[in-house]
Amino acid sequence: MTELDDQAFDFYAHHWDPRAPGEADLRAAAIEELPVRCPVTKSDAYGGFWMVSSYDAVLGIFRDWQSFSNNPVRAFFGRPAERPPMPPIDLDRPVQREYRQLLDPMFTPKRLAPFEPGIRALVTELIDEFIEDGRCDFAGQFALQFPGRMLYKFLFGIDDSDVMRVKRWTELSLDDPHGPIGQDAQVKWNDWLYQLIESRRAAPRRDDIIDRLLCGQIEGRPLTDREIVGCLQVLILGGLGTTADVLLNTIIRLCAGRELQEYLRAHPERIEIDEFVRMDTPVGVATRLCTRQAVIEGQTVEPGDRVLVFSAAAHRDPKEFSDPNTLKLGRSPNRHLGFGAGPHRCLGSNVARLNFRIAMEEILSRMTDLRITPGDAPRREEPQALTFSIKYLPLSFTPGPRRGASG
Amino acid sequence: VIRARVDPDRCQGHLRCLGVAPGVFAADESGHALVEVDPVPPDLEDAARIAADNCPEMAIILTEA
């Protein structure tokens, strides 16, 4: 482990800016030390905010929705809101609960199970594209393709011909939210979503997510188009980078740990997302606004204070996890908070589990001797507060035959 | 004999228990956990304990009866 020197630690303890570029390596060291050395601290960045790193405190804040609000948090990092509030993530109970009651039933393992053959076919098709080459950019050719195509096709029932176009707009609006290209893509994406719900309103009912939103009620009235579009956007945005990140980080760990790679290849039933999410948490921080006085680890937090909940650091808290900086497949207990906790528990966690399992099963069985391509290296984009995206991952493996129907 | 209960006020639908002890726990229509077999069959007691240990919301209550 890289030890932080005093100066670096002081930066983390008092001045941390989660959006400052070039701090990925430092952050990797900081998450190991913060829960022990300063579980609660105040950064002076962005006008000041609390940063919470101990497991118990992070869990407590996630659960205490009456003291820690999700709304409004968009302006946390000193920028104006990038988009209108998206239900349900930007709302608090009790309205948030009504949204979840509408949406939760669509994301149960039972509802998702029928998608498994189609998801496997999509994964097969993506791997077919590079399996004969013995090398690929696993980010561009798989991890950044799969979650978006899966979401649009299976959860929203969008035709293949539209999926690539819409997925591109989604990516551009994420990559460059304030630039002209990103803003143009956002407008197109928005327009397309409004048209989609308009056409679905007139179409026969399908009993899917869009129908639930079209036919459902919130506070005794139908949802507005804007609320429906906001919901669909949060479902899409919530599933893209997160799923890509956990796949990418897991592959990097399997390249570094060849024994683990061979073990999972021989024992695919032991594939589990939880320990990988704990070690490389895709959504490593969350933001809350304090709405009534509360005490966190002995510190009094006042209404109006902003709180950064550092779950990636909480995952390295030795009071909760034994030997916390070591990856242990099948770790138990592993009450990680990678999918959050409390009322805002990740709506798509069952989708993530399903996608991860299918993808890893197919990758491990078809791509043997996985390794980072010698002489090349993964490339991370500058940290964006909420995720740590890898944009390029050069992989080499033993070439194999195509399998898909079109192969 | 071990009896299992899921506190519906605490359960948020992580469904970690379903992965660990599918014979003991099931998901309801909204994706929240419920107990399928109570008391817990002796051969599933260990699985039920692991499920309780791994619930992020600490929503699973096991009692020795």
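None of the values given here were measured: they were computed from a predicted structure. Every chain is numbered from 1 and lettered A, B, ... according to where its sequence line falls, protein lines coming before strand lines. FYI, side chains are in, hydrogens and waters are out, and symmetry mates aren't considered; it's all heavy atoms of this structure.
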*Please check if any side-chain donor atom of A/Thr242 sits under 3.5 Å from a side-chain acceptor atom of A/Asp245, or the reverse.*
no

*Is it the backbone or the side chain of A/His336 that comes under 4.5 Å from a heavy atom of chain B, or both, or neither?*
both

*Based on non-hydrogen pairs under 4.5 Å, which of B/Glu29, B/Gln12, B/Met58 is most in contact with chain A?*
B/Gln12

*Counting heavy-atom pairs under 4.5 Å to chain B, which of A/Arg100, A/Lys110, A/Arg353, A/Arg331 comes out on top?*
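It is A/Arg353.
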
_Best-contacting candidate, A/Asp274, A/Leu59, A/Leu103, against chain B by heavy atom pairs under 4.5 angstrom_ = A/Asp274

*Is the cationic atom of A/Arg270 (NZ for Lys, CZ for Arg) positioned less than 6.0 Å from the six-membered ring centroid of A/Tyr263 and within 45 degrees of its normal?*
no

*State yes or no: are the ring centers of A/Phe68 and A/Phe62 separated by less than 6.0 Å?*
no

*Is a donor on one side and an acceptor on the other found under 3.5 Å between the side chain of B/Asn54 and the backbone of A/Pro333?*
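Checked: no pair found.
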
